[in-house]
Amino acid sequence: MRKLGLSLLVFLGVVACKTNPFTGQRTLNFYGNQQIFPMAFAQYDQFLSENNVITGTTEAQMITNVGQRIATAAERWLDANGFPGYLNDYKWEYNLVKDETVNAWCMPGGKIVFYTGILPICQGEAGIAVVMGHEVAHALADHGAQRMSAGTLQQIGAVAGNVAIQDPQKRNMFNQAYGIGSQLGIMLPFSRSHETEADKIGLQIMAIAGYNPDEAAELWKRMKANSGGQAPPEFMSTHPSNDTRINNLTAWAPEAKQEAAKFGVTSFK
Ligand SMILES: [Zn+2]
């Protein structure tokens with residue numbers, strides 16, 4: 001029984017790796033876009049129907065504008081680096097939700113929510129771009145799907161050789177992996193390495209989109225000052241400390257500007 005479970009894990013490990021375009025590393029991922037995205041889109045619509053979506057304001061418009069610029073930048077980067085069509089299944093959507101929680105997230109397939117509570121810390125377009133770049137980077141790098149795959153492994157371990165993963169369980173795992181709806185408290189955390197990766201990718205995308213990457217460290221200084229040592233939920237996970245993050249982002253900003261220059265972007269707002 002144990003042996004069966006183990007060989008199943010090895011088998012899944014062999015078939016389920018996917019190359020991350022941003023790092024070139026192969027990562028564990030059992031779920032293709034076809035499995036993940038429809039679930040994500042349905043959950044996103046449900047979330048929007050149950051929350052107070054703000055439309056027609058300057059702020060809501062700004063979220064959309066920044067999101068579109070970030071998405072375009074991501075597409076340019078992927079095309080230039082040998083991944084044309086990577087975003088074909090994505091259905092980008094950017095929504096501002098009235099909620100004082102200091103948070104933002106991007107579900108698989110490009111479904112983004114900003115809470116109004118994070119706007120005072122963003123302080124404007126460039127700050128929004130920092131958060132947007134980070135969240136979009138999680139989605140582009142399939143961090144959620146990897147997190148869900150890790151959950152699958154745990155579950156396979158628990159049922160030892162039971163190959164069939166029933167849909168309700170999968171759904172439950174999905175909700176946990178992405179921290180949807182009222183279950184935010186039980187969201188499986190992104191790993192520290194995923195956070196660092198999202199920071200780095202996000203910085204490059206925001207620069208290509210024409211936003212000053214120096215703003216990233218500034219945003220995290222404000223986040224640190226605001227939180228009194230407590231980061232908001234998405235950013236809390238198993239985190240690089242605020243100081244490590246600020247130091248990293250400061251060190252990487254010149255590199256991000258060089259990357260942007262390859263795309264003809266040399267001035268930033
Ligand atoms: Zn994150």
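For ligands, and for the atoms within them, numbers begin at 1 and follow the listed sequence.
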#### Entry: Pair Glu197-Lys200, salt bridge (charged side-chain N to carboxylate O under 4.0 Å, His left out): steps then yes or no
CA-CA 5 Å; Glu197 202 170 286; Lys200 196 166 192 178; over 6 Å; no
### Message
So, of the N/O/S atoms that His138 has, which is the nearest one to the Zn ion (ligand 1)?
### Response
NE2
### Message
Using the Zn ion (ligand 1) as the vertex, how large is the angle between OE2 of Glu195 and NE2 of His134, rounded to 10 degrees?
### Response
130°
### Polar contact flag, side-chain donor to acceptor under 3.5 angstrom, Gln68-Tyr94
no
### His138 and Glu195 side chains, donor-acceptor separation under 3.5 Å
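Distance-only check passes for Glu195 and His138.
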### Message
With respect to the Zn ion (ligand 1), please indicate if His194 possesses an N, O or S atom at a distance under 2.8 Å.
### Response
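Of the N, O and S atoms in His194, none lies under 2.8 Å from the Zn ion (ligand 1), which means no.
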### Task
Report the distance from atom CH2 of Trp77 to atom CD of Gln204, rounding to the nearest 0.5 Å.
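One gets 7.0 Å once the value is rounded to the nearest 0.5 Å.
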